[in-house]
Each structure stands twice: as structure tokens, then as C-alpha cells.
Enquirer: 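Take this structure, written in C-alpha cells, and hold onto it; I'll ask about it next.
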Amino acid sequence: MCFGLAFLVYELSQSHNTLSIVKQLHALTIKYHLSFDPFYATKIIRLYALNNDLHSARIVFDRIPCRSVYLWNSIIRAYARAHQFNHALCLFSQMLRTEIEPDNFTFASVIRACSDYLDEVDLRVVHGRVIIAGLGSDSISSSALVRAYSRVRFVDEARRVFNGMPKPDLVMWNSMVSGYGSSGCWDKGLELFRRMQKMGERPDGYTMVGLLSGLWEPSLLQVGKGIHGLCLKNGFESYAHVGSALVTMYSRCGCLSSAYGAFNSQSLPDLVQWSALITGLIQSGACEEALLLFREMNLKGQKADAISIASTLAACARLAMMGPGREIHCYVIRHGFELEVMVSSALVAMYSKSGFAGLGFRVFKAMSKRNTIAYNSVISGLGSNGLASFAFDMFNEMLEEGFQPDQSTFSALLGTCCHAGFVKDGWDLLRRMEKEFNIEPSTEHYVYMVKLLGMAGEFEKAYQLIHSIPGYTDSGVWGALLSCCEVHGNSELGEVVAHRLFEIAPDKSAYRVMLSNIYASNGRWNDVKSLRDDMMEGGLRKMPGLSWT
DNA sequence: ATAGGGTTAG
């Protein structure tokens with residue numbers, strides 16, 4: 001056996017090859033007439049996929065006439081991993097038309113594609129096929145099903161699959177626990193966790209991450225601390241994934257000191273842990289601190305990636321700080337991150353929020369790949385800087401390019417109308433989003449619409465609109481109307497709305513201030529006084545904006 | 001076959 005073949009056989013068993021080595025290996029399989037052998041082809045496809053060269057992987061696949069299950073699985077898994085779900089599913093349906101039967105690994109990949117790309121209905125179809133194939137109690141395809149049903153918010157269906165397993169293995173338990181976690185049922189996750197322990201199944205790091213992922217708010221801090229304790233007791237806190245789940249959990253629960261603590265207890269924090277902490281700081285409003293931390297990360301030699309850059313740019317945007325934003329932009333250009341849609345969308349927002357919509361627009365124009373979020377970003381950037389017609393142009397372009405607008409698109413567009421005072425366009429959009437795009441307007445869309453009408457002085461219409469909203473008790477829309485009354489000094493309607501708000505949200509002193517401003521602008525000083533006395537009784541001692549009376 | 005950080009709108 002010559003050197004080349006020995007090299008080939010050895011390297012094929014390694015998974016940490018670079019793309020150039022994979023290409024050499026591929027060439028060797030051709031040289032030794034092994035390129036049509038399904039075994040070698042499967043390996044080559046897997047290696048191309050691991051190195052993100054799906055194109056080459058596909059070429060190899062297409063050239064093999066005699067395809068084994070393994071070969072099909074490797075190409076389907078490659079597409080599913082790369083989030084190219086349409087390709088994955090397309091290949092799956094091709095496979096169903098051959099005499100090769102899909103196995104549990106095929107189903108696992110396809111189910112993964114369904115949960116990220118398709119909906120519950122498609123998932124049920126695939127589920128049916130799993131059962132027909134006799135894999136109903138196979139743990140590999142069933143745990144994929146549990147995960148997928150949880151991701152599309154059908155936890156109960158996930159539980160049914162779980163219950164159908166005579167003896168769930170650890171992966172199965174973990175999938176169900178994290179299914180509960182990601183669906184916001186942390187208490188059910190914990191219950192399942194206890195049952196699992198009672199049945200003698202030992203949890204591992206995955207279990208802990210699943211439990212932690214369900215803790216989203218400050219009231220769950222104690223629960224989180226309890227789970228942290230369990231991690232410490234079992235030595236799981238040294239796992240990188242557990243570490244970053246802890247950092248995230250503490251930030252979400254509003255306990256930044258503990259987030260820092262979890263971060264610092266990692267001997268060598270990795271990129272994900274750094275960005276978990278940075279994001280935690282941004283969400284708690286500590287944006288300057290987040291920027292400093294990003295710099296510290298770079299100084300420590302940890303290279304940033306698209307996700308951490310995009311998050312940090314969001315901090316610059318919130319601070320409306322061009323300085324650091326531009327610096328990061330330079331870094332982005334030097335390292336080629338402007339090709340990442342996520343990064344460029346964040347850049348557009350950063351420039352726009354700093355008041356330089358033109359620069360944002362230029363970044364957008366230079367993007368080679370776009371998506372709905374990128375369009376949302378540029379539309380709101382232009383619109384919120386008073387460039388309404390440009391914003392509408394981009395909306396039309398987005399539709400021509402075939403991108404689906406979403407809730408945020410319409411928020412951005414209605415916000416644009418507010419800035420420009422385009423009442424008619426506002427009505428148009430509100431109608432189109434429901435009729436043409438099947439998106440139900442949410443409270444914030446109505447808030448924009450009410451503001452738009454109220455600012456134009458069309459109080460009647462605004463009031464009617466609020467009454468036409470199903471379940472119109474939300475304080476947001478009334479607050480918007482009240483602030484319009486404040487601007488216009490409309491005390492007749494203002495009084496009605498304010499009293500309504502006092503009923504819905506009695507503790508909101510802001511509404512009392514607004515009402516008092518309305519009284520003041522009408523010279524009704526006695527009403528101003530009595531409102532203030534009311535507030536004093538209610539324990540609200542300070543009344544901002546009225547210290548001069 | 002299971003796990004961590006995510007850009008837009010608000």
C-alpha cells in the first residue's frame with residue numbers, strides 16, 4: 001500500500017481536518033477509484049459538511065449512482081446542520097421515492113429541519129412516517145420529536161411522545177426537560193427532573209442546561225440559585241455550556257453580580273460565555289459596561305464572531321454612540337464580517353439610531369445578502385429619521401425581492417407614518433397587514449395608529465379605533481391617546497381617558513402628570529391643585545414638572 | 001440522536 005492510500009484511510013477517520021485537506025482527500029479517493037464507493041463518499045460528504053462546503057458535498061452526492069442509507073443521511077444532515085432546510089426536506093422526499101428506507105438517523109435530521117423551518121402540521125406528517133417505519137419507540141427519532149414538538153410550542157404533544165417510551169434513556173429525559181425549559185414551563189421541567197432522579201437516572205450537564213434555560217425572570221432567581229447549587233454539587237459547573245447557561249440565567253433574572261460570579265468562576269471563559277455576559281449587561285441597560293467588556297475580551301485575545309459583534313453593536317445603538325460603533329465597523333470590514341446579515345443589520349441600526357440614516361442606508365446598499373430583519377432595520381432607520389418616502393421604497397423593494405414582512409416590519413412602517421404624519425398610509429398599512437399578509441396587529445401597532453390619529457387631531461377616529469380592538473383594555477393604547485390629548489390640550493377627552501387609565505393602572509403616576517398638564521394648558525388651576533392633593537394622599541410626594549406652581 | 005451567547009421593531 002502506497003503512502004497516499006494510508007494517508008487517506010487515516011485522515012478519513014479524523015474529524016478535525018481543514019477544507020484544503022478534505023479537498024486533497026477527495027482527490028485521493030478519485031485517484032484510487034474509490035470515489036463511487038458509498039463508504040468513502042459518505043466520509044467525504046461528512047468532512048465537506050463539517051467544513052461548511054455544502055456545494056462540494058452535494059457534487060459528491062450527485063455523482064454517486066448507488067446510494068446507501070448512510071449516504072442519504074450524510075447529505076440530509078449536512079443541509080439540516082447548515083439550516084438549509086428546504087434542501088434537506090427536498091432530498092428527503094427524493095429519498096422516499098427510492099427503494100432505500102429511511103432509518104432513525106434520517107428521521108432525526110429531517111425532524112430537526114421541521115422544527116426550525118416548518119410548522120406543527122408537517123411535523124405530524126413526519127411523525128406519522130416514523131410510526132409507519134416502526135420507529136415509534138426508537139429513542140433517537142423520538143427524542144428528536146420531543147425536541148421538535150417543544151420548539152414549535154406543542155409541549156403536550158412532546159410529552160405524549162415521551163410517555164410512549166417504555167424506558168426513556170438519558171437523552172430522552174434531557175430532551176423533555178429542556179423542552180419544558182424552552183416552552184416556559186420551568187416548574188414542569190423541575191418536576192420531571194425529580195421524577196428522573198427518583199427512577200435512578202443520573203442527570204448530566206445537558207439536564208442542567210435544560211432546567212436553567214426555562215428561568216427567564218427575576219422572580220425565579222431563587223430557583224436558579226438552587227439549580228446552580230446542584231451543578232456545583234455534581235461538578236457540572238466546569239462544563240462550558242453549563243457555565244454560559246448560568247451566566248444567561250442570572251442576567252435574565254436581573255442578578256448581574258451573580259452573572260459576573262458565574263463568569264469569573266470559569267478558568268478560561270470562551271466566546272459564548274463572554275457574549276452571554278455582554279448581552280446580559282445590555283439587557284439590564286448597562287451598555288457602557290458592555291462596551292468595556294467587549295474591549296476587554298478583545299484585549300484578552302478572545303476573537304469576536306458575528307453574534308458577539310451584532311450584540312455589541314446593539315449596545316452602541318442604544319447609547320446612540322457613533323464612536324465605538326464606527327470602530328467596530330472598521331473591525332467588521334477588516335475581518336470580513338460585513339458579509340454576515342446579522343452584523344450588517346446591526347450596523348444599519350447603529351448608524352440610524354445615532355442620527356446618520358444616510359450612513360446606515362449605505363451599509364444596507366452594500367449588503368450582498370439580505371433578509372427580513374435587514375429590511376426591517378433599514379426601513380425603521382430611514383423612517384425614524386424622517387425619510388418616509390425612502391422607507392416606503394425599501395418596503396416595496398423588499399416585497400419585490402420576495403421577503404415576507406413580519407410584525408416588526410409593520411411596526412417600523414407605522415412608526416414611519418407617525419414621524420411623517422401620514423394618516424392615510426397608516427390606515428392602508430393596518431388594513432394590508434391583516435388582509436394581504438395575514439399578520440394580526442398587536443398592541444404596539446394600535447399604539448402607533450392611535451398616536452398617528454391623535455397627533456393629527458382626529459380624536460374621534462382614534463377613540464373609535466381603540467373600541468374596535470378586541471380586548472381593548474390594554475393601557476398602552478389609552479396612554480398613547482392621553483399623550484396626544486396632552487399635546488393638543490384636549491381636556492374633554494383627556495379627562496375621560498385619564499380616568500379610564502386610573503382604573504386600569506392606578507399606580508401609574510405618569511398619567512396623573514399628563515392629566516395635570518392638560519388642565520394646566522387650559523388654565524384650570526383648581527383642577528391641577530386637587531389632582532396634586534390626590535397624589536399627595538396617595539403617597540406620591542413629588543410631582544414632576546409642576547414645581548413652579 | 002440532546003446542550004450555551006443572537007441582529008430589526010417595541
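Being a predicted model, the structure only gives us computed values, none of them experimental. In what follows, chains are A, B, ... by sequence order, proteins preceding strands, each numbered from 1.
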Enquirer: Mind checking Asp305(A) for me? I need base, sugar-phosphate or nothing, with any heavy atom below 4.0 Å counting as a touch.
Expert: base
Enquirer: Identify the heavy atoms of Lys451(A) and Cys418(A) that sit nearest to each other, and give their distance.
Expert: CB-SG, 4.1 Å
Enquirer: Heavy atoms under 4.0 Å, any strand shown: does Ser213(A) hit a base, just sugar-phosphate, or nothing?
Expert: nothing
Enquirer: Any side-chain N or O of Lys451(A) less than 4.0 Å from the OP1 or OP2 oxygen of dG10(B)?
Expert: no
Enquirer: Does the pair Glu397(A)/Arg370(A) count as a salt bridge with the N-to-O cut at 4.0 Å?
Expert: yes
Enquirer: Among dA9(B), dA1(B), dG5(B), find the nucleotide with the atom closest to the side chain of Ala108(A).
Expert: dA1(B)
Enquirer: Using a heavy-atom cut-off of under 4.0 Å over every strand shown, decide if Arg370(A) touches base, sugar-phosphate, or nothing.
Expert: nothing
Enquirer: So Asp169(A), base contact, sugar-phosphate only, or nothing? Heavy-atom distance under 4.0 Å.
Expert: base
Enquirer: In this structure, how many angstroms lie between the C1' atom of dT8(B) and the OH atom of Tyr375(A), rounded?
Expert: 14 Å
Enquirer: Which one, dT7(B), dG5(B), dA1(B), comes nearest to the side chain of Ser345(A)?
Expert: dT7(B)
Enquirer: What contact category does Asp204(A) fall into here, base, sugar-phosphate, or nothing, at under 4.0 angstrom with non-hydrogen atoms?
Expert: nothing
Enquirer: Does Gln273(A) reach a base, just sugar-phosphate, or nothing at all? Heavy atoms under 4.0 Å.
Expert: base
Enquirer: Select base, sugar-phosphate, or nothing to describe what Ala144(A) touches, counting heavy atoms under 4.0 Å on all strands.
Expert: nothing
Enquirer: Just by distance, do the side chain of Arg318(A) and the backbone of Cys287(A) share a donor-acceptor pair under 3.5 Å?
Expert: no
Enquirer: At under 4.0 Å, does any side-chain N or O of Ser244(A) touch on OP1 or OP2 of dG5(B)?
Expert: no
Enquirer: Whole angstroms only, please: what is the CE-P distance between Met165(A) and dT2(B)?
Expert: 15 Å
Enquirer: Between dA9(B), dG5(B), dT2(B), which nucleotide gets closest to the side-chain atoms of Val171(A)?
Expert: dT2(B)
Enquirer: Of the nucleotides dG5(B), dT8(B), dA9(B), which one has an atom closest to the side chain of Thr279(A)?
Expert: dG5(B)
Enquirer: Ignoring hydrogens, what is the shortest heavy-atom contact between Ser308(A) and Met297(A)? Give both atom names and the distance.
Expert: OG-CE, 4.3 Å
Enquirer: Quick one: which of Phe193(A), Tyr206(A), Phe162(A) gives a ring pair (Phe, Tyr, Trp, His ring centres under 6.0 Å) with Trp173(A)?
Expert: Phe162(A)
Enquirer: To the nearest angstrom, how far is Asn73(A) atom CG from dA1(B) atom P?
Expert: 9 Å
Enquirer: Choose from dG5(B), dG4(B), dA1(B) the nucleotide whose nearest atom is closest to any side-chain atom of Val209(A).
Expert: dG4(B)
Enquirer: Taking atom C1' of dG10(B) as reference, at what distance in whole Å does atom CZ of Phe410(A) sit?
Expert: 16 Å
Enquirer: Would you classify Ile379(A) as touching base, sugar-phosphate or nothing, given that sugar-phosphate means primed atoms plus P, OP1 and OP2, and contacts are heavy atoms under 4.0 Å?
Expert: nothing
Enquirer: From the set dT2(B), dG10(B), dA1(B), return the single nucleotide nearest to any side-chain atom of Arg77(A).
Expert: dA1(B)
Enquirer: Between dG5(B), dG4(B), dT2(B), spot the one nearest the side chain of Ser275(A), thanks.
Expert: dG5(B)
Enquirer: Do the side chains of Arg159(A) and Asp156(A) get close enough for a salt bridge, i.e. N-O under 4.0 angstrom?
Expert: no
Enquirer: Distance check needed: dA1(B) P versus Leu135(A) CG, whole Å only.
Expert: 15 Å
Enquirer: Find the distance Arg318(A):CZ to dT7(B):C1' and express it as a whole number of Å.
Expert: 15 Å
Enquirer: Rounded to the nearest Å, what distance is computed from the CZ atom of residue Phe236(A) to the P atom of nucleotide dT2(B)?
Expert: 19 Å
Enquirer: Of all the choices, dT8(B), dG5(B), dA1(B), which nucleotide is nearest to the side chain of Ser139(A) once you look at every atom?
Expert: dA1(B)
Enquirer: Starting at CG of Leu211(A) and ending at P of dT2(B), how long is that distance when rounded to a whole Å?
Expert: 19 Å
Enquirer: Which is true for Ser178(A) with a 4.0 Å heavy-atom rule: it touches a base, it touches only sugar-phosphate, or it touches nothing?
Expert: nothing
Enquirer: Which one, dT7(B), dT2(B), dG10(B), comes nearest to the side chain of Ala346(A)?
Expert: dT7(B)
Enquirer: Which heavy atom of Cys253(A) sits nearest a heavy atom of Leu221(A), and at what distance?
Expert: CB-CD1, 3.9 Å
Enquirer: Heavy atoms from C-beta onward define the side chain here; which of dT7(B), dG4(B), dA1(B) lies closest to that of Asp270(A)?
Expert: dG4(B)
